[in-house]
Number of protein chains: 2
Amino acid sequence: MAKFVTLRDVAEKAGTTVGTVSYVLNDRKGRYISQELRAKVLAAAEELHYIKCNGASSLKGMDRKLIGILIPQYENQFFTRICVAAEEVFASYGYDLIICDTFDNPEREKSIIHRLLSQRVDGLIVTPSLKGSENTRIVRDVGLNMVVVDRPLEGFNDYYWVSADNYGCGYVGGENLRKHGHRSLIYVGWDSGISELSERERGFRDACKDCEVFTYNAEFSPKACYEVTMKAVKEHPEATAVLFGFNVQAQGGVNVFRDLGMKIGEDISVSLIGSPEWSYTGNNNFTHVHMGDYEIGKKAAGILFDLIRGNDVPSKRVIQECTLVEGASVGNIGGGIE
Amino acid sequence: MAKFVTLRDVAEKAGTTVGTVSYVLNDRKGRYISQELRAKVLAAAEELHYIKCNGASSLKGMDRKLIGILIPQYENQFFTRICVAAEEVFASYGYDLIICDTFDNPEREKSIIHRLLSQRVDGLIVTPSLKGSENTRIVRDVGLNMVVVDRPLEGFNDYYWVSADNYGCGYVGGENLRKHGHRSLIYVGWDSGISELSERERGFRDACKDCEVFTYNAEFSPKACYEVTMKAVKEHPEATAVLFGFNVQAQGGVNVFRDLGMKIGEDISVSLIGSPEWSYTGNNNFTHVHMGDYEIGKKAAGILFDLIRGNDVPSKRVIQECTLVEGASVGNIGGGIE
DNA sequence: CGGATATATGCAAACGTTTGCATATATAGG
DNA sequence: CCTATATATGCAAACGTTTGCATATATCCG
């Protein structure tokens with residue numbers, strides 16, 4: 001249905017041939033072209049609204065100008081922020097992003113990867129689905145550039161991997177609660193089966209070695225976390241602080257206290273790993289550990305772009321530093337801040 | 001760098017020619033092929049892990065198997081839900097989605113559209129950026145199928161458009177507050193300059209004709225809305241209920257009451273247009289008007305697919321019905337529910 | 001048995017690009 | 001004036017597909 005202008009059309013209008021037009025439009029060197037003809041070609045292209053066909057030029061070995069990105073959940077802002085960052089990097093070079101949601105389903109992931117290969121994308125940014133590492137083998141087999149994000153690629157080694165400092169996030173989160181005098185703590189995490197993500201809990205425990213720590217796990221949803229948190233709080237009324245290991249979980253969890261009539265920052269201290277942009281509350285924001293979502297996306301995209309361009313990539317493993325952001329949701333116990 | 005298997009490779013291995021392989025792999029009719037040869041071809045393709053190149057086949061007029069989708073904000077779940085729905089529709093037919101964030105910036109939108117045309121996408125789903133309707137003219141000029149979502153395409157007529165029932169959302173939201181006995185109301189909206197979105201306020205006012213209504217507008221962010229809401233509540237302590245016109249805005253706005261120590265559902269009644277999945281709170285969820293985000297995406301994608309396939313599309317304009325979802329954030333005034 | 005028809009396969013053009021090679025003129029140096 | 005060299009342009013092959021056309025054998029019906 002749609003009809004596009006081709007190089008031939010432009011050439012005809014400019015009174016020359018396709019080859020010359022291609023050289024002009026791509027501003028290639030290695031060929032002399034008179035100012036006069038160049039101007040005529042540019043004018044013709046402009047006038048006819050010529051739009052190059054990437055599909056055709058990629059046949060001749062040019063870049064497809066397409067990047068695939070696999071995430072496990074569109075609606076998780078940690079991942080959308082990574083997408084935003086990647087888009088910024090690549091759009092500036094004229095690349096488009098195909099963002100695909102695997103829904104953490106390996107079957108779906110497999111077919112997505114197959115489709116993306118069919119598109120002959122120039123590279124892939126992948127957060128592997130929960131049990132889907134094997135799905136990426138084909139990517140390596142065809143020699144396509146890939147950067148892994150967030151979770152590791154179980155069963156593989158020697159791949160490019162950018163992630164948060166999961167251990168550090170847990171440590172920083174715990175350390176802060178400890179500093180404020182808390183000694184009886186609840187950690188609500190996600191039982192993902194991904195060892196890297198459990199590092200958050202390990203970091204938390206390491207930071208709070210001399211504390212009483214109660215660990216709970218919930219399915220990955222606000223609702224599940226709400227329920228588990230409710231249980232945790234009822235089972236351990238002696239706890240004075242709670243750390244939520246995952247941003248999305250906290251969206252449910254934090255409401256437990258409000259529903260129980262407990263004032264956050266006074267009756268209970270609350271902190272979380274991730275950035276709670278789902279709840280802007282003036283000067284009373286949540287104390288949280290910022291993971292550097294945007295930077296992770298920026299760095300992953302940067303590495304992928306370097307790989308595509310054939311540039312040198314210094315390190316295969318990048319761990320994004322985390323930052324504590326203090327809000328008003330953590331109060332002092334006993335003598336206050338150490 | 002990446003090396004892909006071609007039809008020629010498969011043909012060679014199967015001891016036949018590319019033409020035949022193409023027929024077999026696409027399961028085309030109009031040509032006889034012996035069971036024997038067919039089996040050999042399929043085996044060869046399987047063994048070599050042949051993956052078709054969409055770019056090449058689209059040169060011959062086949063579908064590009066690519067759909068572009070433009071939204072103004074990745075991180076707005078209204079739009080990600082539309083993307084999820086569209087992806088489900090198209091993935092089942094083997095199409096990929098290129099999701100692009102215009103950030104509501106017309107310049108950016110223009111270059112995105114240009115890039116997508118370069119990709120020779122088979123169709124476009126577009127939420128026009130704030131002042132960017134003209135950017136889509138080229139789409140119409142080349143005859144590419146397009147479905148508009150959410151906002152209208154100012155200055156055009158005769159296009160396919162799926163949106164929420166903005167007037168209805170406002171009406172239903174207001175009507176519900178009125179039913180619960182509220183007669184002094186605050187509406188916090190977004191001063192977008194898009195008349196269609198102002199329909200929410202009009203619906204609200206129409207439903208509350210006999211009430212005192214205070215309207216406030218804020219920039220489109222939780223923070224801006226927090227501040228405006230704070231001002232509104234202080235200026236009108238007599239108001240007993242608040243309706244937030246936009247989900248994202250409410251993410252900031254609702255915290256005003258908590259920060260002021262007002263109990264939602266008792267000291268103040270709160271409702272919003274959109275689905276507050278950013279705050280799961282057991283049995284105390286927010287009363288809200290569900291816009292049917294997912295359905296909007298589903299329907300838009302369905303129409304686009306029909307257009308691509310050349311199927312009949314009954315109506316150019318689809319308005320998604322809204323639904324009131326009652327939570328616990330609206331209390332009764334006076335005699336209670338009418 | 002002869003011609004129509006069904007079965008089975010190969011060949012080559014075309015899609016819209018990119019680029020190496022050939023060609024043609026102008027300019028300069030000896 | 002003759003040959004290099006710089007300037008300017010055209011031609012055609014190739015990329016990986018799809019598909020119309022040609023070819024060749026087997027089968028069937030009168």
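Within every chain, numbering begins at 1; the chains are lettered A, B, ... in the order of the sequence lines, protein sequences first and strands thereafter.
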More 5' along DNA chain C: T16(B) or R120(B), using each one's nearest nucleotide? T16(B)

Between CG on residue L116(A) and CG on residue L70(A), distance to nearest 0.5 Å: 6.0 Å

Just to be sure I understand the geometry, which residues of residues 28-44 of chain A put a non-hydrogen atom under 4.0 Å away from DNA chain D? R31(A), Y32(A), I33(A), S34(A), L37(A)

Is there a side-chain polar atom (N or O) of S22(A) under 4.0 Å from OP1 or OP2 of dT18(C)? yes

Whole Å only: how far is the OH atom of Y50(A) from the C1' atom of dG16(C)? 7 Å

The residue, R8(A) or T20(A), whose nearest nucleotide of DNA chain C is more 5′ is R8(A)

Would you say F220(A) and S192(A) make side-chain contact, with heavy atoms under 4.5 Å? no

Could you state the CZ-P distance from R64(B) to dT17(D), rounded to the nearest angstrom? 12 Å

Considering only side-chain heavy atoms of V18(B), which listed nucleotide, dT17(D), dT9(C), dT18(C), is closest? dT17(D)

Regarding the side chain of T6(B), the nearest nucleotide among dT18(C), dC11(C), dT17(D) is dT17(D)

Taking CG from L117(B) and P from dG16(C), how many angstroms apart are they, rounded to a whole number? 16 Å

With sugar-phosphate meaning primed atoms plus P, OP1 and OP2, does F4(A) contact a base, only sugar-phosphate, or nothing at under 4.0 Å between heavy atoms? nothing

Tell me, do N54(A) and R120(B) make a side-chain contact under 4.5 Å, heavy atoms counted? no

Distance check needed: dG16(D) P versus E12(B) CD, whole Å only. 12 Å

Over 60° means perpendicular and under 30° means parallel, so tell me whether F103(B) and Y74(B) are parallel, tilted or perpendicular. perpendicular

Here's a test for you: under side-chain contact (heavy atoms from CB on, under 4.5 Å), which of I112(A), D104(A), T136(A) qualifies with S129(A)? D104(A)

Measuring from the side chain of K60(A) (C-beta onward, heavy atoms only), which nucleotide among dG16(C), dG16(D), dT18(D) has the closest atom? dG16(C)

Atom CG of N54(A) to atom P of dT18(C): distance rounded to whole Å? 9 Å

dG10(D) phosphate, OP1 or OP2, under 4.0 Å from T17(A) side-chain N/O: yes

Atom pair distance, as rounded to whole Å: CE in M62(A) and C1' in dC15(D): 11 Å

Spacing of E36(B) atom CD and R38(B) atom CZ [to the nearest 0.5 Å]: 12.5 Å

In whole angstrom, give the distance that lies between atom CG of L7(A) and atom P of dT18(C). 6 Å

Could you check whether any side-chain heavy atom of Y160(B) comes within less than 4.5 Å of a side-chain heavy atom of D306(B), counting everything from C-beta outward? no

What integer distance in Å separates L59(B):CG from dC15(C):P? 10 Å

